Amino acid sequence: MTRDSNRIETKLIRAGEPDPRVMGAVAMPIFQSAMFETFGGEGYHDIRYIRLNNTPNHIVLSNKLAAIENGQSALVTSSGMAAISTGLLAALSSGDHLMVQNTLYGGTHDLVTKDLPELGIEHDFIDPADPSSWESKLRTSTKVFYVESISNPLMGVGDLRSVVEFARAHNLVSMIDNTFTSPINFRPPEAGFDISFHSCTKYLNGHSDLVAGAVIGSERWVHKIKHKLDHLGGTLDPHACYLLHRGLKTLALRVKQQNKSALKIATFLDSHRAVREVNYPGLESHGDHARAKDLFDGYGGMLSFELEGSLADVDRFMRTVEIPLIAPSLGGVETLLTRPAVTSHAGMSDKDRQKSGISDTLVRMSVGIESTDDIIEDLGRALVP
Ligand SMILES: *Cc1c(COP(=O)(O)O)cnc(C)c1O
């Protein structure tokens, strides 16, 4: 593919599309065919078969994903966890060690602390905001440095520039889960990361109607991960490819609106007497605001806040709001609320949760694309004055 110098809004529509279009179709058709004719002379990974991630729907989508983050290459996978687990297994084998940030997405946390040790792969947690503490965790067997662009649920932003520098200096593969920021706000390959992962279930698809993942990065690493994916089988089916492709086209419109709306909502909550604390990297009061401002083009649609009062007050608030749905996940067009203590972080002990700053009254919000004023009025009515 020739290098696409267009801006991201244009790439979302144009990049990777077949030229000429298939039978002139403006929307990429679904190739609902498990296999394609071949004429010999090719290796296993070149056989054209859905699980080998090389049907026309996979190829177009991969090229678009690579283009929007300015990566050399990309892959789609059957879920965000399929992307992350396959990526880690492609880079690590028995006897290896990885450094991971101390606040990980729940599925990744369990993979690293439960599944990888069974395969002889060890880890150490690090504070992504404190580069001076990293050297002491480094071993001769360390192969991977893994972080997330915005942490859940306190919206922390690590020193991502130092992560890339440290990984380069010590010959580690730098990997980042870029789900929370989306390529509109941050493009890890531009910052020098080897691999960027996404749960496309979230912002990239944006319509809360599929599960998918992506790996974007250097040609060499994406190639290695593709071979692992071909074997492990976490492939995305062509119909889901089509839906993701369709959802991607409006990513820029959605995320820019979510950036704007979340900042207004965070500012409103921050000034409300019934709210003790708001965690949003776009607020100057957030501890990582300066880093977020330096790294990102927007602060995203995710925020969390702590209410004054008891658990019963939070419960009443969650029951009273009318626009937000009470549901897990994030990144879609609908505004969603969750209470991390009983959802994403329910597996942690009370003590560990408290130590991580996740109180029982913390509420997480994924801002959708409804009217910002309607959301603020709704929240205002539900908050005890
Ligand atoms: C949801 C999520 C994942 C996992 O993605 P799935 O598509 O559910 O497998 C990984 N990382 C982050 C940050 C997520 O929010």
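Keep in mind that this is a model prediction, so the values were computed, not measured. As the structure lists them, so they are numbered: ligands from 1, and atoms in each ligand from 1.
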Are Tyr299 and His289 near enough that their ring centres are under 6.0 Å apart?
yes
Could you pull out all residues at least two apart from Val222 that satisfy side-chain contact (heavy atoms from CB on, under 4.5 Å)?
Ser73, Leu75, Val215
Using 30° and 60° as the class limits, which term best fits the ring planes of His227 and His223: parallel, tilted or perpendicular?
tilted
When you compare the side chains of Asp194 and Ser218, does any donor N or O come within less than 3.5 Å of an acceptor on the partner?
no
Residues in contact with ligand 1, criterion: heavy atom under 4.0 Å:
Ser79, Gly80, Met81, Ile84, Tyr105, Asp177, Thr179, Phe180, Ser199, Thr201, Lys202, Val211, Ala212, Leu330
Do other residues, nucleotides or ligands put more than 12 heavy atoms under 6.0 Å from the CZ atom of Phe125?
yes
Verify whether the ring centers belonging to His272 and Phe268 lie closer than 6.0 Å.
yes
